[in-house]
Novice: 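Quick one: this structure, given as structure tokens, is what I'll be asking you about.
Just so you know, these numbers use all the heavy atoms, side chains as well, and skip hydrogens, waters and symmetry mates.
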Amino acid sequence: MENQDNKLLEILQQEKFLAFFDFCKIGDNGTSEIDGLCKVAIPQNIDNIDYMCLTFIFDTPTEASKNMAKRIMATLTADAFKKSEASVYAVTSVPAIMRQSENYIHQLDVIFRNKVEADYKSIINRIVFTIRNAAGLHTEVPQWWEESDAPAPTEAEKANWTARIKAFLGIKK
């Protein structure tokens, strides 16, 4: 099991960022109640695990906005993603272990049943469609990173790798 954990940690550490998009939740009065950014990454150099990691970074200056972010993330389930992307097998949902000053960070791993052969851009577009519909978020069009411009994972994302490994393996905390 330890060897499997190490292999998975290595995979997670080598994720390649593909895209990002801004999002917001528009309230009844027409103004944004919460804003944020989602980063999209995929594994590199692997043959047997296919997933996309979505890192949601919410602006949460208040406890109420943090609670709203948690409620939004609870709507993004495997069933919600399966409606627009049939190849989705499971979703792991892991809040970041480290609390960032005025941000709430939450990672979703959308795991596919088989190796994804399709164009990643079209899959990401379907994933964004799901986020709009299931979570009721307004999203911008994904912006694509050139490989040389892709940022490194943040400290909060790195600190969350253990929790993501447990979620991948189905280990309860």
Novice: Is N29 atom CG crowded by more than 12 heavy atoms from other residues, nucleotides or ligands, each under 6.0 Å away?
Specialist: yes

Novice: Starting from W144, can I reach F21 by hopping between I/L/V/M/F/W/Y residues whose side chains sit under 4.5 Å apart?
Specialist: yes

Novice: When you compare the side chain of D50 with that of N114, does any pair of heavy atoms fall below 4.5 Å?
Specialist: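 Heavy-atom side-chain distance check fails, nothing below 4.5 Å.
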
Novice: Do N103 and D59 get their side chains close enough for a donor-acceptor pair, meaning under 3.5 Å?
Specialist: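 Yes, a side-chain donor-acceptor pair sits under 3.5 Å.
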
Novice: Under a single-linkage definition using a 4.5 Å side-chain heavy-atom cutoff for Ile, Leu, Val, Met, Phe, Trp and Tyr, are I42 and F112 assigned to the same hydrophobic cluster?
Specialist: yes

Novice: Determine whether I72 and L137 satisfy the following criterion, side-chain contact (heavy atoms from CB on, under 4.5 Å), listing intermediate values before the conclusion.
Specialist: CA-CA 9 Å; I72 289 169; L137 295 175; 3.9 Å; yes

Novice: Give the minimum heavy-atom separation between A74 and T77, together with the two atoms involved.
Specialist: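 Nearest pair, atom of A74 first, then T77: O-CG2, 3.5 Å.
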
Novice: Could you pull out all residues at least two apart from F20 that satisfy ring-ring contact (aromatic ring centres under 6.0 Å, His included)?
Specialist: W145

Novice: To the nearest 0.5 angstrom, please state how far the CG atom of N133 sits from the OG1 atom of T75.
Specialist: 10.5 Å

Novice: Tell me if a side-chain donor or acceptor on Q107 pairs with a main-chain N or O of I105 at a distance below 3.5 Å.
Specialist: no

Novice: Per the side chain to side chain contact (heavy atoms under 4.5 Å, CB included) rule, which among L108, I127, D109 passes with M52?
Specialist: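 Only one of L108, I127, D109 forms a side chain to side chain contact (heavy atoms under 4.5 Å, CB included) with M52, namely I127.
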
Novice: Tell me if a side-chain donor or acceptor on S32 pairs with a main-chain N or O of I34 at a distance below 3.5 Å.
Specialist: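 Such a contact is found between S32 side chain and I34 backbone.
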
Novice: Would you compute the distance between atom CD1 of I131 and atom CG of L54 and round it to the nearest 0.5 angstrom?
Specialist: 5.5 Å

Novice: Taking the ring of F23 and the ring of F58, is the distance between their centroids below 6.0 Å?
Specialist: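 Between F58 and F23, the centre distance is under 6.0 Å.
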
Novice: Side chain of K25, backbone of A135: donor and acceptor closer than 3.5 Å?
Specialist: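 Side chain of K25 to backbone of A135: a pair is present.
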
Novice: What is the distance from atom CG of L18 to atom OH of Y120, rounded to the nearest 0.5 Å?
Specialist: 7.5 Å

Novice: Can K39 be said to sit on top of F17's aromatic six-ring, NZ or CZ under 6.0 Å from centre and within 45° of the ring axis?
Specialist: yes

Novice: The criterion is side-chain hydrogen bond (donor to acceptor under 3.5 Å, both in side chains); which residues satisfy it with T139, sequence neighbours excluded?
Specialist: R132

Novice: What are the two closest heavy atoms between A78 and V91, and how far apart are they?
Specialist: CA-CG2, 3.6 Å

Novice: So do the side chains of N67 and R71 get within less than 4.5 Å of each other, counting heavy atoms only?
Specialist: yes

Novice: State, to 0.1 Å, how close H106 and S93 come at their nearest heavy-atom pair, and which atoms those are.
Specialist: NE2-OG, 2.6 Å

Novice: So which pairs with a foot in residues 74-91 pass salt bridge (Lys or Arg N to Asp or Glu O under 4.0 Å), sequence neighbours left out?
Specialist: E85-R126

Novice: Does the side chain of T92 come within less than 4.5 Å of I111's, by heavy atoms?
Specialist: yes

Novice: I would like to know whether Y51 and V110 meet side-chain contact (heavy atoms from CB on, under 4.5 Å); could you show each step before the answer?
Specialist: CA-CA 5 Å; Y51 68 93; V110 179; 6.0 Å; no

Novice: Taking all heavy atoms of D35 and all of C24, pick out the closest pair and write down the distance.
Specialist: OD1-CB, 3.2 Å

Novice: Once you round to the nearest 0.5 Å, how far does OG1 of T60 lie from CE of M68?
Specialist: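 The distance works out to 11.5 Å.
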
Novice: Do F56 and L37 have side chains that get closer than 4.5 Å, going by heavy atoms?
Specialist: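 The answer is no; the side chains never approach within 4.5 Å.
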
